[in-house]
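Values reported hereafter were calculated over all heavy atoms of this structure, with side chains retained and with hydrogens, waters and symmetry mates removed. Each ligand, and each atom within it, is numbered from 1 in the order the structure gives. Along the sequence shown, the residues carry numbers beginning at 1.
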Amino acid sequence: MISEKIVKALSQQIMEEEHASRIYLAMASWCDANAYPGAAKFLYSHTNEEREHAEKILKYINYRGGHARLLPLPEVDNDFKDVRDVFEKAMEHEIYITKCINDLYELAIAEKDYGTQVFLQWYIEEQEEEEDLFQSILDHYNNCKGKLALFDKFVSEKK
Ligand code: FEO
């Protein structure tokens with residue numbers, strides 16, 4: 001049986017993942033509206049990934065005998081300076097999510113919840129991949145020296 005303290009912390013993370021999903025949806029919409037179809041395609045797809053991350057935690061709470069409840073979502077930004085701003089903000093957000101996951105892991109250790117520690121290991125690896133993914137996009141932006149159509153094509157091929 002999962003403790004109420006862990007349920008509360010994991011429920012907060014469901015909200016964070018849903019919020020990330022909406023952040024990427026707003027970013028996808030901006031890219032779509034500003035003629036970056038490749039970046040929009042990538043971000044629409046990433047929106048779905050974040051929703052899956054949220055659902056996976058929700059199902060885990062219920063599997064462990066808790067009841068996952070949804071929390072209100074914060075507002076999202078809809079406007080960006082340019083496509084670089086989109087991906088810099090995405091990277092910043094992934095770094096924030098990594099911190100959230102690490103804090104959750106520390107709590108699971110403090111609470112001696114070994115099952116939740118094992119569950120969170122998937123998210124720890126996922127965050128390494130996500131940070132690497134967004135860093136590679138930013139690196140490519142810097143390398144393509146203003147050739148934004150090339151940049152957009154590169155991002156469209158990312159998963
Ligand atoms: Fe679910 Fe991109 O972190």
Side-chain angles (χ1 to χ4, degrees), residues 2 5-32 36-64 66-109 111 113 115-142 151-152 154-159:
I2 197 165
K5 202 167 177 178
I6 295 284
V7 168
K8 203 170 159 206
L10 287 172
S11 298
Q12 183 72 18
Q13 191 59 31
I14 294 172
M15 182 279 288
E16 296 288 3
E17 302 287 350
E18 285 190 283
H19 181 45
S21 177
R22 274 174 57 84
I23 286 173
Y24 290 129
L25 188 58
M27 288 174 170
S29 179
W30 185 93
C31 290
D32 212 354
Y36 292 105
K41 175 179 162 245
F42 166 77
L43 289 161
Y44 281 132
S45 160
H46 216 77
T47 293
N48 295 334
E49 263 195 37
E50 299 299 351
R51 197 196 164 280
E52 284 167 16
H53 295 173
E55 189 174 319
K56 192 176 164 98
I57 301 170
L58 180 148
K59 287 180 174 165
Y60 174 73
I61 293 172
N62 293 341
Y63 166 67
R64 290 283 311 276
H67 176 191
R69 291 178 169 84
L70 299 184
L71 300 172
L73 295 176
E75 294 279 322
V76 294
D77 287 337
N78 286 292
D79 296 303
F80 302 92
K81 280 196 299 243
D82 50 33
V83 73
R84 180 188 181 146
D85 187 38
V86 168
F87 284 98
E88 280 178 345
K89 291 208 164 100
M91 182 72 196
E92 278 168 25
H93 199 76
E94 288 302 335
I95 291 168
Y96 167 72
I97 294 292
T98 299
K99 185 183 177 313
C100 294
I101 296 293
N102 290 346
D103 289 349
L104 265 175
Y105 195 76
E106 277 178 30
L107 180 68
I109 290 170
E111 293 290 301
D113 184 336
T116 298
Q117 288 171 42
V118 171
F119 173 73
L120 288 171
Q121 279 167 15
W122 184 89
Y123 285 84
I124 291 170
E125 286 183 14
E126 178 68 14
Q127 282 312 116
E128 286 176 353
E129 286 174 20
E130 299 264 274
E131 285 191 27
D132 180 61
L133 173 64
F134 283 99
Q135 188 58 55
S136 76
I137 292 173
L138 283 173
D139 288 348
H140 192 76
Y141 181 91
N142 291 332
F151 170 74
D152 194 53
F154 173 83
V155 180
S156 77
E157 288 160 4
K158 285 281 177 183
K159 286 201 169 74

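- Counting only N and O atoms by type, the side chains of Y24 and S45 include no donor and acceptor under 3.5 Å apart.
- Applying the side chain to side chain donor-acceptor pair (under 3.5 Å) test to Y44 and every residue at least two apart in sequence or in another chain returns D32.
- Coordination check, E17 versus atom 1 (Fe) of ligand 1: passed, since an N/O/S atom of the residue sits under 2.8 Å.
- Taking atom 1 (Fe) of ligand 1 as reference, H53 places its N/O/S atom ND1 nearest.
- With atom 2 (Fe) of ligand 1 as vertex, E50 OE2 and E94 OE2 subtend 100°, rounded to 10°.
- Distances from atom 2 (Fe) of ligand 1 to the N/O/S atoms of E130 are shortest for OE1.
- R51 has a carboxylate O that lies under 4.0 Å from a charged side-chain N of E55, or vice versa, which qualifies the two as a salt bridge.
- Comment: D113 does not engage K5 in a salt bridge, judged by the lack of any side-chain N to carboxylate O separation of less than 4.0 angstrom.
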